[in-house]
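Quick notes on the structure that follows.
Order of listing sets the numbers, starting from 1, for every ligand and every atom in it. As the structure is a computational prediction, the values presented were derived from the model and not from experiment.
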Amino acid sequence: MPEEILKNLYRLPIPLVGNPLKELNAYLIKGKDRNLLIDTGFRQPACRQALFEEMAQLGLRPGDVDVLATHLHSDHTGLAPDAAGEKGTIYISRLDERIFDPEEQADEYWSGVEKSFMVEGFPNELLAHIWDSNPAHSMAPPRGVPHACLEDGDVLEAGGYKLRCLLMPGHTPGQMCFWMEEQGAMFLGDHVLFDITPNITAWNDLPDALGAYLESLKRIREYDVRLSLPGHRGRGDLKARVDQLLLHHRLRLDEALAAVKHHPGESAYQLAGYMTWKIHSKSNTWEDFPLTQKWFAVGEAVSHLERLQAEGSVKRVLEDGVAAYYPA
Ligand SMILES: [Zn+2]
């Protein structure tokens with residue numbers, strides 16, 4: 001059932017079956033001239049059915065909405081073309097538009113990502129299977145979809161509301177939040193979540209992603225947000241949550257630095273194995289981690305190691321094509 005949050009603004013819960021995130025919050029603004037759907041769910045039957053049922057309860061069919069994506073991840077963009085149909089426009093940050101890249105460009109990008117993971121010590125034989133179970137590929141929108149790009153500061157209007165686009169890089173290079181100043185309401189995407197810690201990984205096109213993320217956290221803290229609208233699960237107090245997330249990453253940085261000090265000269269893949277992870281699995285040892293979890297863990301470890309380099313406490317040395325980390 002759509003949950004009416006403000007007049008003409010609804011939250012549509014979209015189940016993410018089998019995914020630890022559990023549910024995506026899509027939001028829909030109903031207007032006279034246009035309807036705006038913010039985020040969509042995976043391109044997968046259960047999400048599609050849920051989204052279209054929720055929309056139908058508001059009297060809307062596929063093609064009756066424009067789609068506004070908070071960021072490129074496929075749980076937020078997967079159904080954008082289905083929902084927008086032929087008439088609707090899909091909006092996304094220019095820095096995240098690559099999710100709609102044509103095939104060749106997308107293949108080139110992903111082989112670059114795999115190469116980076118190899119340099120960080122991720123075993124070749126595991127990389128060969130990484131896309132078997134990773135939702136990034138299989139549930140993403142089809143490639144080469146037409147869309148419109150957003151820049152920091154752009155304003156969209158729908159249902160009598162004004163949404164200002166705020167670029168908040170970190171979770172993805174082009175993560176955007178949408179600010180409705182008059183109402184004190186902020187669409188957060190995955191920049192700040194209340195029940196989950198947003199994943200911060202390494203990006204080939206966003207050096208020191210964690211540094212960028214921490215800056216974005218401090219920036220969003222300056223807004224007088226009275227209604228937080230996160231991309232997943234429950235709402236909460238934004239400033240208090242930002243403070244928790246800042247502290248969380250400080251502690252994670254300390255943990256990563258301790259791992260480097262105890263195991264100098266090892267790769268990010270090995271160092272990730274010395275850090276603590278909350279995962280939904282019976283496996284206890286790093287070697288037994290499910291492959292997708294390993295991928296996320298190594299990405300997160302690299303983003304913390306990049307930050308430690310920027311802070312001057314760690315140095316990275318290429319040894320036979322693999323990056324080794326040492327205390328600086
Ligand atoms: Zn995300």
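- Counting only protein N, O or S atoms, 4 lie closer than 2.8 Å to the Zn ion (ligand 1).
- Ring orientation note: the planes of His71 and His73 are nearly perpendicular, at an angle over 60° on the 30°/60° scale.
- Of the charged side-chain nitrogens involved, none lies within less than 4.0 Å of a carboxylate oxygen, so that Glu181 and Lys162 do not count as a salt-bridged pair.
- Between Tyr223 and Trp179, the angle of the ring planes goes over 60°, which puts this pair in the perpendicular group of the 30/60° scheme.
- A side-chain N or O of Tyr325 and one of Arg316 form a donor-acceptor pair less than 3.5 Å apart.
- A cation-pi arrangement is present between Arg252 and Trp277 under the rule of less than 6.0 angstrom and at most 45 degrees off the ring axis.
- Ion pairing of Lys22 with Asp195 is absent here, as no side-chain N (NZ or NE/NH1/NH2) approaches a carboxylate O to less than 4.0 Å.
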